[in-house]
Amino acid sequence: MASQPALVEAPPVEAKESLFAVPGIHCAGCISKIENGLPQTPGIRSARVNMSAKRVAISHDPALTPPELKAAIVALGFDAEPLADPGQDVAAAEGRALVRALAVAGFAAMNIMLLSVSIWSGAEGATRTMFHWLSALIALPAVAYAGRPFFRSAWAALRQERTNMDVPISIGVLLTTAMSLFETLRGGEHAWFDGAVMLLFFLLAGRCLDSMMRARARAGVAALLKQTAPGALVLDAGGRSGWTAASALRPGMRMIVAAGERLAADGRVVEGESGIDLAFLTGESAPVRVRAGDVVQAGAMNVEGPITVEVTAAGADTVIADIARLMEEAGQGKSRHVQIADRAARYYAPCVHLLAALSFAGWMIAGAGAHQALLIAVAVLLITCPCALGLAVPAAQIVACGALMRRGVLVKDGSALERLAEVSEALFDKTGTLTLGRPVPQGLDRLGREDQSILLALARVSRHPLSDALRQGLEARQVAPASLDRIREIPGEGVFADHDGVAVSLARPRSVVSLFGLASEYRSGERAVLLHFTDALRPDAVETLRELRSIGLKTLIASGDRPEALEEIARATGTTAVGHLRPADKLALVGRLQARGEKVLMVGDGLNDGPALAAGHASMAPASASDASQLTADAVFLGDRLAPVAVTVRAARRTIAVVKQNFALAIGYNVLAVPLAVAGKVTPLVAAIAMSTSSLIVIANALRLKGAAK
Amino acid sequence: MTGLGLLIPIALFLGLLGLAAFFWALRDGQFDDSEGAAARILIDEE
């Protein structure tokens, strides 16, 4: 700090921007509290809240480290986690590009329609030609700009010798535009610019809604993420400590990890003794005791006292990074899933193109000129252009995703819904998935009111998971904390204080009570009460598993835990349970089931479930899951109940049913209009009406999914 | 008919103006935080 005063006169150094996820922002009061409160911390220039994404962007001195910024937000009463590198920006940019294309298509469609209406109501001769030219002037740049998302995707598919929905769309739009331009050049009667641009507008509306829904789900998941440590305090040879980013950590460095911090690298404890929360890796909620010489993994949370750790592996060499690689490889199978729209296009596109070619040939044989035959073929293409087909899938998925989001299920994309609808076997992890994954205190009600309030006051002081559990349990019972004097926390021992002159404490039990049970002891004077904790089953786990079986899914429990610990849960849920599975074993189990022809829905929370989540046909994770699992899972569900799993599967099945209805409606409608087109009776007016009506029907049908998540 | 020659360019110009304004707003991040914008109106500036 000695060199600091000189900096005051110097011009301000370049400010750094840091992003934090703050899930607790929910009202205007929170916004003003954060935006006005943070700049009062020295070094913070300004803060800007994004309430939709539950994020805060802080502009600050580069000297401030992430833990200091986090402390500043926590001091205002909000939980915060640094967001290292939000991968959402790419998706957000894509979304904005789609909105721009939609705006251009909308502008062009409205203006061209205005001109077309005048033509339909009888403009003739020079006026009509002028209107056609004006339409062309608007339509050509609009198609070139707004059509790019379709052209690009169609081209990418064709280059790989595949076809998707965008191929017939692109061919239809391009041919219609070219034909209309040709008609305009020779002063013809009809031009279909309005049809081409309106088609783009409808399709882009579907895509925009789709991308907006996905962006919201992704932002919701990102706000839940508990980022692994962005860095650590490193001791140098002279005994001074300095903040070092995780990417700059090297083996051999010594880092100091305070209680409540996550480790930024793998290492070995050289000094100190503490409890380490390895839930992210093992899914077990009980902290593991470590002392000098023990190995600790990056991402683990130090819950008790400060420890000094010598780094043995950092960055890409850590255990976490290994699992992440395993997940990446396992996830490649998922990309082989062909979306339902593209599967439909595989059959639809050749039919349509064949039909257009046949009508061209038919009219040529019947003796019409090449020009007239070509006009009719283009009309066939335009009338069968999958306008409603392009909306059939996104419209249904958006309505279903919105309904699920209101029920607390964040579905990441439309293809996830398709895969969720197909699953035939559900594989559950135990700890944190079937159970709550956190210790729940037992028998709190046996304590007196006064003891409860003292206990709450003690528990609030510590960040130990058992204290946290006590605090949550007591706060849920609306206990008010008592006032205590001389509060002190002794790492590894407990919290000690005085209440009205009596020594009270919440501490490690003096006797070894049981080998596996979790317990802590509450002492008041000479009295000692043992508090037991268990990892409780989610309140509706049994019913949910039964419900899944009733809709035709097989169920199986796969856990890393000891088989004896699974017995009770297996009996309660009536489900076979497999124990002692390491991450790679779970992955292999999923592989075996899939090889047998099952489509596996993996539901898990720990990082140890990550590879299995990635390999499953579909996957879901609770919001309490590790970051990597939430990022991998197709859907994340909030809250303590397991019911959303069954709700999601049922909603997904209903969505696919509606998508198929939509296809039937759209194709059926086109089939009705096709004879008109083949007969050469489709004018631009007929095409416009046909297109809008079929789109409206499809959207109206999709809206029936509003109650799908009931 | 000469009225058309004047009115159509004016209509198109106004439409383009609206389109440009929308692009400007989009680039400016006006639509980035719709929930926050709705809440901010309630903040009392003292």
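Not measured: the values here are computed from a predicted model. Quick note on labels: first sequence line is chain A, next is B, and so on, each numbered from 1.
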With a 4.5 Å limit on heavy-atom distance, are the side chains of A/L204 and A/V104 in contact?
no
Any side-chain heavy atom of A/I138 within less than 4.5 Å of one from B/L12?
yes
Here's one to test your reading of the geometry: is the NZ or CZ of A/R148 within 45 degrees of the ring axis of A/Y145 and under 6.0 Å from its centre?
yes
Residue B/L19 versus chain A: region with a heavy atom under 4.5 Å:
side chain
Turns out that what part of B/I8 lies under 4.5 Å from chain A's heavy atoms comes down to side chain
Part of [X] within contact of chain B (heavy atom distance under 4.5 Å):
X: A/L114; value: neither
X: A/N50; value: both
X: A/I25; value: neither

Decide, yes or no, whether a salt bridge links B/R40 with A/E35 under the criterion of side-chain N to carboxylate O below 4.0 Å.
yes
Could you go through B/F31 and B/F22, starting from their C-alpha distance and side-chain angles, then the distance that decides it, and tell me whether this counts as ring pair (Phe, Tyr, Trp, His ring centres under 6.0 Å)?
CA-CA 10 Å; B/F31 305 107; B/F22 177 73; 5.6 Å; yes
